[in-house]
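Single-structure report; data block below.
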Protein chains: 2
Amino acid sequence: MPHRNFRILQGYLVQLVHALMSRAVTLKDVARTAGVSVSTVARVIHKNGYVAPETRKQVEAALEQTGYRINVLARGLRKQRSYVIGHILKATFPNLFYVQVSLGVEQCAREKDYGILAYNIQGDPERERLGVEMFIRRRVDAIIFTTPTELSNLQLALDAGIPVVQVERPVTADMNRLVVDNYTGAVAAMEHLIGLGHQRIAFIGQDPASEANPHVRYVEEQRLGAYLETLTAHGLPVDRDLIAFGRHYFLDVRRYSGDGRRLADHLLEVTPPPNRHFRHRRPVGGGRAAIHPRAGAARARRHFGRRL
Amino acid sequence: MPHRNFRILQGYLVQLVHALMSRAVTLKDVARTAGVSVSTVARVIHKNGYVAPETRKQVEAALEQTGYRINVLARGLRKQRSYVIGHILKATFPNLFYVQVSLGVEQCAREKDYGILAYNIQGDPERERLGVEMFIRRRVDAIIFTTPTELSNLQLALDAGIPVVQVERPVTADMNRLVVDNYTGAVAAMEHLIGLGHQRIAFIGQDPASEANPHVRYVEEQRLGAYLETLTAHGLPVDRDLIAFGRHYFLDVRRYSGDGRRLADHLLEVTPPPNRHFRHRRPVGGGRAAIHPRAGAARARRHFGRRL
DNA sequence: TTGTATGCGTTATCAA
DNA sequence: TTGATAACGCATACAA
């Protein structure tokens, strides 16, 4: 289709000419059109120092007329800040948790006029290192690890003078970290359900007693503890048949860089069938008591012992 | 927990001191330790111009010793390039299509040592404009719109001399665009299924004849056309009962900025139940013939007319 | 109240 | 074969 190819070529050329012809407006340009010096323009823009009212008028008119936009790179070079935060993500696909976190990070940064440079490592520690290296070259002002993989990579950033924060699954307690409070969250979920009048509530999760990963074990202990504690606090019975343990979800994201088919295969392979039916049970009257995470975790252990 | 708070405070302080004490190594530092000028170091780094072998040795040693890392911002100021591409996304959550695109964009950019600055607009044209403005201030080298919302925002970027590309759902034919070839994709899917021996294949999609959005209509026409064409090419019968029209998925992402509950409500509300049963049908012998998109779309129209 | 001059870290030109 | 220097666009200390 020669006509179509021509249009495409034309599109490229138009943009190329645009890009080559146009030079971004600088402070100097504004100063020239306003008939003042660059520092006067700077004073107007930053609203510091004294500027005569009429001079200000002229400068503002010139700013309007030229369509000046600050060059963040140049400002960054001068102020020794890039106004960029690096975000290293363990995986976005297919886990929407990471997507939600990156959305939140981006929105929050935007309010402070910061940009987010995302770097997806697909679970690969070596890529994580490469990401840190790139961020150092770009002089990012901070690095967020969601979630961190190797301590050495955190240290690498720190040695370059870049502050870091670990989001979930911290690999060290010696650096900033932000973790989900699973206990409070699970209590809130339970309170919500009980508040709606439900009394036969099931728990689906991994078995803390047989979980090797310490982080996962901790998380599951908190959740299960909250579940048991809240039930008891409301005078509801604990029914072992309503607790389904099992690895319901697991993915090694390194194996799935955009390959949807292998992903689907693997999901089918590792997801076990439901391991028991939830039997119907007569509801029991409510109640309310103080609930504490420590007590909840302890109760989880007492209730099920080391082995289930 | 005073002990825990102390550790957190300590973490902050350690990082603060790190950040304040450390100054990034510059070319000048390397030059000083190597006992040469900055331009000699630059020549070694960029492998252009002539450098005496021993001088090179010294410089390389100094580079190693100091741990020099180029300052991309400074280079960008000088070379009038930011080595950053802006990526405006209509939505990432809950649509994994956008996530996949942004992953691909990022990987590809990385190979060319480019960074990706993502800007999520949640379907809001005004945010799209703000995104373009931010990208102009940061002097990004190009902007990708996945997917574009307003033509004026594309024009805004172009006027600032920044090349743009529209990914799917182009709002104009006059600027670069990259679109999915739905016809070829659907043919491939059909060939795959037929190749596996399947002969009773259903089509689920929207009705092109009653679709108001021109883009969606075009997409559905291509897909349905490919479906019909491929069936016929293989000598398989077209069974109207195997074609299910209906709006199976729709989301106005502006309404769901992280509110999972309302999202779930809406999904349940707009997703209709399956509109017919797929009846069993006897398979019919195969065959193979040439297939063309235009013919496919025409066949779709002939087969079902304006109204179905 | 305004302007001049310097430096941020690079690249590139030109002279030595 | 190497070094001095200007320029990129901005912020700021200081001079006028």
Side-chain angles (χ1 to χ4, degrees), chain A residues 20 22-60 62-63 66-84 113 136-141 160-161, chain B residues 20 22-60 62-63 66-84 113 136-141 160-161:
Chain A
L20 292 181
S22 73
R23 196 182 52 79
V25 177
T26 71
L27 272 187
K28 209 192 279 183
D29 297 323
V30 179
R32 199 181 314 111
T33 46
V36 297
S37 72
V38 287
S39 43
T40 301
V41 179
R43 269 190 292 268
V44 170
I45 291 175
H46 299 116
K47 306 183 200 304
N48 62 1
Y50 302 102
V51 178
E54 347 174 12
T55 313
R56 178 184 305 276
K57 281 271 184 223
Q58 286 176 323
V59 172
E60 279 166 352
L63 283 170
T66 57
Y68 172 78
R69 284 181 251 244
I70 195 169
N71 183 330
V72 175
L73 271 68
R75 177 182 61 176
L77 183 62
R78 175 62 223 244
K79 299 192 74 163
Q80 297 289 72
R81 275 162 165 265
S82 61
Y83 300 93
V84 170
D113 213 43
I136 296 175
R137 287 197 299 274
R138 291 187 179 269
R139 303 294 191 268
V140 300
D141 294 337
Chain B
L20 292 180
S22 74
R23 195 181 53 78
V25 177
T26 72
L27 272 187
K28 209 191 279 182
D29 297 323
V30 179
R32 198 181 313 111
T33 45
V36 297
S37 72
V38 287
S39 33
T40 300
V41 179
R43 269 190 292 270
V44 171
I45 291 174
H46 299 117
K47 305 182 201 303
N48 62 1
Y50 303 101
V51 178
E54 353 176 7
T55 315
R56 178 184 304 276
K57 281 269 184 227
Q58 287 176 322
V59 171
E60 279 166 353
L63 283 170
T66 57
Y68 171 79
R69 283 181 252 246
I70 194 169
N71 183 331
V72 175
L73 271 67
R75 178 182 60 175
L77 182 62
R78 177 58 225 240
K79 298 191 73 160
Q80 298 289 70
R81 276 162 164 266
S82 61
Y83 300 92
V84 170
D113 214 44
I136 296 175
R137 287 197 299 273
R138 292 188 179 269
R139 303 294 190 269
V140 300
D141 294 337

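In what follows, chains are A, B, ... by sequence order, proteins preceding strands, each numbered from 1. From a predicted model like this one, the values you see are computed outputs, not experimental measurements.
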Taking the nucleotide of DNA chain D with the closest heavy atom to each, which residue, B/Lys79 or B/Gly35, is nearer the 5' end?
-> B/Gly35
Closest-nucleotide ordering on DNA chain D, the 5'-leading residue of B/Thr55 and A/Tyr68 =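 That would be B/Thr55.
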N/O donor-acceptor pair under 3.5 Å between B/Ser82 side chain and B/Arg139 backbone = yes
For the side chain of A/Thr66 and the backbone of A/Val30, is there at least one donor-acceptor N/O pair under 3.5 Å apart?
->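 Answer holds: no.
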Side chain A/Ser39 and base C/dG3 donor-acceptor under 3.5 Å | yes
Roughly how many Å is it from [atom1] in [X] to [atom2] in [N], rounded to a whole number?
{"X": "A/Arg75", "N": "C/dG9", "atom1": "CZ", "atom2": "P", "value": "17 Å"}
{"X": "B/Arg78", "N": "C/dT10", "atom1": "CZ", "atom2": "P", "value": "13 Å"}
{"X": "A/Leu73", "N": "C/dT11", "atom1": "CG", "atom2": "P", "value": "14 Å"}
{"X": "B/Leu27", "N": "C/dC8", "atom1": "CG", "atom2": "P", "value": "13 Å"}

Please report the closest heavy-atom contact between A/Gly49 and A/Arg43, naming both atoms and the distance.
-> CA-CD, 4.0 Å
What are the two closest heavy atoms between A/Ser37 and A/Ala31, and how far apart are they?
->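 The pair with the smallest heavy-atom distance is C-CB, 3.7 Å.
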Side chain proximity check, [X] to [Y], heavy atoms < 4.5 angstrom:
{"X": "A/Ile70", "Y": "A/Arg75", "answer": "yes"}
{"X": "B/Val41", "Y": "B/Val38", "answer": "no"}
{"X": "B/Thr55", "Y": "B/Val36", "answer": "yes"}
{"X": "B/Leu27", "Y": "B/Ile45", "answer": "yes"}

Determine the contact category for [X]: base if any of its heavy atoms lies under 4.0 Å from a base atom, sugar-phosphate if only primed atoms, P, OP1 or OP2 are that close, otherwise nothing.
{"X": "B/Leu77", "answer": "base"}
{"X": "B/Thr26", "answer": "sugar-phosphate"}
{"X": "B/Ile70", "answer": "sugar-phosphate"}

Which listed nucleotide (C/dG9, C/dT11, C/dT1) is nearest to the side chain of B/Asn71?
->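 Looking only at heavy atoms from C-beta outward on B/Asn71, the closest nucleotide is C/dG9.
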Which nucleotide, C/dT1, C/dG3, C/dG9, lies nearest any side-chain atom of B/Arg23?
->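 Ranking C/dT1, C/dG3, C/dG9 by closest atom to the B/Arg23 side chain puts C/dG9 first.
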Distance, nearest 0.5 Å, that separates CZ of A/Arg69 from OG1 of A/Thr26 | 14.0 Å
Within residues 41-49 of chain A, find the residues that approach DNA chain C with a heavy atom at under 4.0 Å, and present them sorted by residue number.
-> A/Arg43
For DNA chain D, which nucleotides open and close the run of contacts to chain B, 5' to 3', at under 4.0 angstrom from a non-hydrogen atom?
-> D/dT1 to D/dG9
